[in-house]
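The structure under discussion appears below in the form of structure tokens.
Order of appearance sets the numbers: ligands from 1, and atoms from 1 within every ligand. Only this structure's heavy atoms are used, side chains among them; waters, hydrogens and symmetry mates stay out.
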Amino acid sequence: MKHFINLKDISSKDLRRILVDAKKRKKLRNKLSTLEVDKGAPLKGKMLVQMFEKASSRTRISFYLAIKQLGGGTLTLRSNELHLGQGGESIADTAKILSTYGDGFMLRTDNDSKVENFKKYLSIPIINGLSPSSHPTQVLSDVFTVEEIKKKPISKLNICWIGDSNNVLDSLIAASVKFSFKLSIGCPKKFQPGKEVRNWVKKNNKKIYIYNDAKKAALGADVIFSDKVISLNDRVNKKNKIKYFKKFKINKELMSYAKKNCIFLHCLPRGNEVEDQIFLGKNSHVWQQALNRVHVQKSILLYCFGKLR
Ligand code: CP
Ligand code: NVA
């Protein structure tokens, strides 16, 4: 049984296998409509339980479509409607029940140890649908999108992140090690990646480039990523934090430091970190990026269910 919790814990080979499968499957769906099932219905009869402790639009809908297109079904829960969320039932008992009724479990939570606790008691695979430390399904799908648009392995590209050091960036850093690409990060000093993640990169004999100047980070970039300054789990003084990011806004001037054909990606939802002119501009591929989550998550599900071709 394979879990999908953190890109750091999955081998480069398996991550690549997932992307190769997603590419083949996406191509084969050219003529199929949204809810038509892939040939062979590889997850026929399987049920994915999704549980959200925080808001979600894309993850919720894309996992729904992903399992449907593989021939299975999904049930979406909010933890506050369960005995678990009301505080009356333990994770251990809830996990046993989920394993009794379902075949896979996707969890979005604001508590990393909850993911680990569920893993301990589940006898079905668990997928991390965003936690404070990671957003692995998003970032693996983003690697797919970059390679699809640039028509090159990501290892040959300069990837840049402008913004907060959050869960999405942590997963992007993990991806930079797993897929060996150059990652330049532009963020205020106060909000740069923590020691733990920097040490992990070092331990893996890799390097990330951190600049406290957005222009330096963007210089020569093939791809610029960004995300909201205030994440769902942020319990900070929001007004104060936003002030630090004034010089880290994605606008035309900043994009001019990147390569001419540099693309812009953003996982959504967005805040004020990017100007409309860029977000809705010709170099932005954010809608394709969102759609690709369906395709990559299908292959993640197959990996977890032991059915990856
Ligand atoms: N990008 C992303 O995970 O979006 P949602 O929060 O809407 O799921
Ligand atoms: N960093 C953001 C990502 C949302 C998909 C958050 O955690 O809110």
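- At a heavy-atom distance under 4.0 Å, atoms from both the backbone and the side chain of Leu232 approach ligand 2.
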Check the pair Arg60, Thr76 against side-chain hydrogen bond (donor to acceptor under 3.5 Å, both in side chains), reporting the backbone distance first and the verdict last.
-> CA-CA 8 Å; Arg60 172 193 308 253; Thr76 300; 5.5 Å; no
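- For Phe264 and Trp287, the ring centers are positioned 6.0 Å apart or more.
- Checking Val37, Asp103, Ile67 one by one against Leu43, the side chain to side chain contact (heavy atoms under 4.5 Å, CB included) holds for a single residue, Ile67.
- For ligand 2, the atoms lying closer than 4.0 Å to a non-hydrogen atom of Leu130 are 3 (C), 4 (C), 5 (C), 7 (O).
- Distances shorter than 4.0 angstrom occur between a heavy atom of Leu268 and an atom of ligand 2.
- Among all protein heavy atoms, the one lying closest to atom 6 (C) of ligand 2 is Ser231 OG, 3.3 Å.
- Within the model, atoms CD1 of Ile263 and CD1 of Ile224 stand 10.5 Å from one another, a figure rounded to the nearest 0.5 Å.
- Only the side chain of Asn167 comes within contact range of ligand 2, with a heavy atom under 4.0 Å; no backbone atom does.
- Listed by chain and number, residues touching ligand 1 at under 4.0 Å (heavy atoms only) are Ser56, Ser57, Arg58, Thr59, Arg108, His135, Gln138, Cys267, Leu268, Arg293.
- Shown are Leu157, Leu7, Leu140, Ile159; of these, the side chain to side chain contact (heavy atoms under 4.5 Å, CB included) with Phe179 is made only by Leu140.
- Applying the ring pair (Phe, Tyr, Trp, His ring centres under 6.0 Å) test to every pair with at least one member in residues 51-101, sequence neighbours left out, gives no pairs at all.
- In this structure Lys24 satisfies the salt bridge (Lys or Arg N to Asp or Glu O under 4.0 Å) test with no other residue, sequence neighbours excluded.
- Residues satisfying the side-chain contact (heavy atoms from CB on, under 4.5 Å) criterion with Lys216, sequence neighbours excluded, are Tyr211, Asp213.
- Residue-to-ligand polar distances keep His135 apart from ligand 2: every N/O pair is separated by 3.5 Å or more.
- Taking the six-membered ring where tryptophan is involved, the planes of Phe191 and Phe245 are tilted, since the angle between them lies from 30° to 60°.
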